[in-house]
Student: 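Have a look at this one before I ask anything.
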Amino acid sequence: MLEKTSTFQKAIEAVEALDPEAQAILVDIIQKRLKQQRRDDLLKAVAEAREAYEKGEVRSGTVADLMAELDD
């Protein structure tokens, strides 16, 4: 944990050493990369769900059906 904190602290210090315009550009880049990562994760989850559906591993029903199945 100490190593992660140290690495994180070094990253903060490196960012603080940049001029304000460069910091703003860096923030923009990081935000865009995080958005893309979330999109990629969502696309992966959708692909996995479609694959499970095609294999017949997905069932449908109401909440009541689910609750009844959990009670069994």
Student: Quick one: list whatever passes side-chain hydrogen bond (donor to acceptor under 3.5 Å, both in side chains) with Thr62, sequence neighbours left out.
Tutor: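 Asp65.
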
Student: Tell me every residue that passes side-chain hydrogen bond (donor to acceptor under 3.5 Å, both in side chains) with Glu69, counting only those two or more places apart in sequence or in another chain.
Tutor: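 Checked Glu69 against side-chain hydrogen bond (donor to acceptor under 3.5 Å, both in side chains); matches are Arg59.
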
Student: Using side-chain heavy atoms (C-beta onward) and a distance below 4.5 Å, is Gln23 in contact with Val27?
Tutor: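 Counting from C-beta outward, Gln23 and Val27 never come under 4.5 Å.
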
Student: Residues two or more places apart in sequence or in another chain: which of them pass side-chain hydrogen bond (donor to acceptor under 3.5 Å, both in side chains) with Asp28?
Tutor: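 Partners of Asp28 by the side-chain hydrogen bond (donor to acceptor under 3.5 Å, both in side chains) criterion, ordered by chain and then number, come out as Lys32.
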
Student: Could you tell me whether Gln36 atom CD has more than 12 heavy atoms of other residues or ligands within 6.0 Å of it?
Tutor: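 Counting other residues, nucleotides and ligands, CD of Gln36 exceeds 12 neighbours.
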
Student: Assigning hydrophobic clusters by single linkage (Ile, Leu, Val, Met, Phe, Trp, Tyr; side-chain heavy-atom cutoff under 4.5 Å), is Ile30 placed with Val15?
Tutor: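 Both belong to a single hydrophobic cluster.
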
Student: Could you work out, with side-chain hydrogen bond (donor to acceptor under 3.5 Å, both in side chains) as the rule, every residue matching Arg33, not counting sequence neighbours?
Tutor: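 Arg33 satisfies side-chain hydrogen bond (donor to acceptor under 3.5 Å, both in side chains) with no other residue.
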
Student: Distance from Arg39 atom CZ to Leu34 atom CG, nearest 0.5 Å?
Tutor: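 These two atoms lie 11.0 Å from each other.
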
Student: Which side-chain N or O atoms in residues 41-53 pair as donor and acceptor under 3.5 Å with protein atoms at least two apart or in another chain?
Tutor:
| residue | atom | partner | partner atom | Å |
| --- | --- | --- | --- | --- |
| Glu51 | OE2 | Lys55 | NZ | 3.1 |

Student: Show which residues join Met67 in its hydrophobic cluster (side-chain heavy-atom contacts under 4.5 Å, direct or indirect), or state none.
Tutor: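 Val63, Leu66, Leu70, listed by chain and number.
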
Student: Ala22: which residues meet the side-chain contact (heavy atoms from CB on, under 4.5 Å) condition with it, sequence neighbours left out?
Tutor: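 For Ala22 the side-chain contact (heavy atoms from CB on, under 4.5 Å) partners, ignoring immediate neighbours, are Leu18, Asp19.
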
